[in-house]
J.: 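This structure is in structure tokens; I'll ask about it shortly.
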There are 2 protein chains.
Amino acid sequence: MNGSRPAAGRTTRQRTEVIALLQEVNDFLTAQQLHGLLRERGAKVGLTTVYRTLQLLVDSGEVDATRLPDGEQLFRQCSRSRHHHHHLVCRMCGRTVEIEGPAMERWTEKVADQHGYTDVAHTLEIFGTCSACAR
Amino acid sequence: MNGSRPAAGRTTRQRTEVIALLQEVNDFLTAQQLHGLLRERGAKVGLTTVYRTLQLLVDSGEVDATRLPDGEQLFRQCSRSRHHHHHLVCRMCGRTVEIEGPAMERWTEKVADQHGYTDVAHTLEIFGTCSACAR
DNA sequence: CTGCGTGCAAATAGTTTGCAGTTCA
DNA sequence: TGAACTGCAAACTATTTGCACGCAG
């Protein structure tokens, strides 16, 4: 229903760096944090480029994007397995756990269907305080 | 764990108008749309006040807030029954259906618990195309 | 070569804040 | 009366866009 795939574009130094960092961190980061980290490690990448690259990656489905309750965007390289899942995020330290819930997935579709909605999608985020922060 | 309730504040003309409109519309609106509608119907309310009132209502739990995938905030007077629920939103026309899923609620808590997360909360939105828009 | 990609600065858009005047209790 | 509320304009923040230059293919 959505054959997005190519969207690769050129292989530039900055794109490589952004992607590399995303793979290393393997956690949610805002575009700004990402940009900051890149500069720290010496990579000369403009904030603009970070945004543009991220946008590209999200469009091609290589990166997941969410929003903080505060509204800022968070990016993470996780759909690498192209596998749909959700996140359990610590509201204190941000530690994230990937979770799945096939039953829940089915439930959302069933509900949407019962109300006559098609082409269903959903977003689910679970927030909590992780054991380390709770202490 | 959270006995929020009072937070009423003063009863002013503008607050009354905002609340009245929210009750009438009973659907998700952005602060700006709300402001626009208020002006149309002659109510003289400043955008600033709309934002401040909405913030107040959200804090006191009288109003629900979400975000468009685009990032803007949406407000709706629905937790009136103080009952936790979610929404099934048409991505075309915005038509919204309130839904519940006790089993799903329990599931999120169980998952969070298994990972040692406490003080759990979650957000879930289901997007789809309603029957009217699908035609 | 030649057009996609980059980065700076300026532009947006939504939301918040400072402050003086207004109003509810 | 006097603290809470209002509204305008200015401030902010995150993100986007215009444009000239540089580099991948």
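Throughout, a chain's letter reflects where its sequence line sits, starting with A, and its residues are numbered from 1. Because only heavy atoms are used, hydrogens play no part in the values below, and waters and symmetry mates are left out as well, while side chains stay in.
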J.: Nearest-Å distance, CZ (A:Arg52) to P (D:dT16)?
T.: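 For the pair A:Arg52 CZ and D:dT16 P, the rounded distance is 10 Å.
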J.: Testing the 3.5 Å rule here: is there a donor-acceptor pair between the side chains of B:Ser60 and B:Glu62?
T.: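 Side chains of B:Ser60 and B:Glu62: pair found under 3.5 Å.
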J.: Taking it one step at a time, do B:Leu57 and B:Leu22 satisfy side-chain contact (heavy atoms from CB on, under 4.5 Å)?
T.: CA-CA 11 Å; B:Leu57 293 172; B:Leu22 279 170; 4.0 Å; yes
J.: Apply side-chain contact (heavy atoms from CB on, under 4.5 Å) to the pair B:Thr123 and A:Thr123, showing each step before the final yes or no.
T.: CA-CA 8 Å; B:Thr123 57; A:Thr123 57; 5.9 Å; no
J.: Determine: side-chain N/O of B:Arg13 to OP1/OP2 of C:dT23, distance under 4.0 Å, yes or no.
T.: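 Answer is no, no contact under 4.0 Å.
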J.: How long is the line joining CZ of A:Arg10 and C1' of C:dG7, in whole Å?
T.: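 Interatomic distance, CZ of A:Arg10 to C1' of C:dG7: 16 Å.
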J.: Output the rounded distance in Å from CZ (B:Phe75) to C1' (C:dT15).
T.: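 Distance check: B:Phe75 CZ to C:dT15 C1' gives 9 Å.
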J.: Roughly how many Å is it from NE2 in B:His35 to P in C:dA13, rounded to a whole number?
T.: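 About 17 Å, once rounded to whole Å.
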J.: Looking only at side-chain N and O atoms, does B:Tyr51 come under 4.0 Å of OP1 or OP2 in C:dT15?
T.: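 The answer is yes; a side-chain N or O of B:Tyr51 sits under 4.0 Å from OP1 or OP2.
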J.: Closest nucleotide of DNA chain C for B:Ala31 versus for A:Gln14: which of these residues is on the 5' side?
T.: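 That would be A:Gln14.
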J.: So B:Gln32, base contact, sugar-phosphate only, or nothing? Heavy-atom distance under 4.0 Å.
T.: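 It contacts base atoms.
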J.: Over how many whole Å does the gap from B:Arg67 atom CZ to C:dA13 atom C1' extend?
T.: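 Going from CZ in B:Arg67 over to C1' in C:dA13 covers 13 Å.
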J.: Report yes if a side-chain nitrogen or oxygen of B:Gln73 is closer than 4.0 Å to either non-bridging phosphate oxygen (OP1 or OP2) of C:dG14; otherwise report no.
T.: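 No.
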J.: What do the steps show when you test A:His122 against A:Glu105 for side chain to side chain donor-acceptor pair (under 3.5 Å), and what is the final call?
T.: CA-CA 9 Å; A:His122 63 265; A:Glu105 306 287 335; 3.0 Å; yes
J.: Taking atom P of C:dA13 as reference, at what distance in whole Å does atom CG of B:Asp70 sit?
T.: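 Going from CG in B:Asp70 over to P in C:dA13 covers 12 Å.
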J.: Please report, rounded to the nearest Å, how far the P atom of C:dC24 is from the CD atom of B:Glu17.
T.: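 About 12 Å, once rounded to whole Å.
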J.: Roughly, in whole Å, what's the span from CD in B:Glu72 to P in D:dT16?
T.: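 Rounded to whole Å, this separation is 13 Å.
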J.: Looking at every strand, decide which applies to A:Thr11 at a 4.0 Å heavy-atom threshold: base, sugar-phosphate, or nothing.
T.: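 Here A:Thr11 touches the backbone only, sparing every base.
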J.: Taking the side chain of A:Thr12 as its heavy atoms from C-beta onward, which of D:dG7, D:dC5, C:dG5 lies nearest to it?
T.: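 Of the candidates, C:dG5 comes closest.
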J.: If you look at every strand shown and take non-hydrogen atoms under 4.0 Å, does B:Thr48 touch a base, only sugar-phosphate, or nothing?
T.: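 Answer is base: heavy atoms of B:Thr48 come under 4.0 Å of a base.
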J.: Look at the side-chain N and O atoms of A:Gln55 and state whether any lies under 4.0 Å from the OP1 or OP2 oxygen of D:dT15.
T.: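 Indeed not, no polar side-chain atom of A:Gln55 lies that close.
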J.: Taking atom types as modelled and ignoring hydrogens, do the side chains of A:Gln32 and A:Tyr51 form a donor-acceptor contact shorter than 3.5 angstrom?
T.: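 The answer is yes; a qualifying pair exists.
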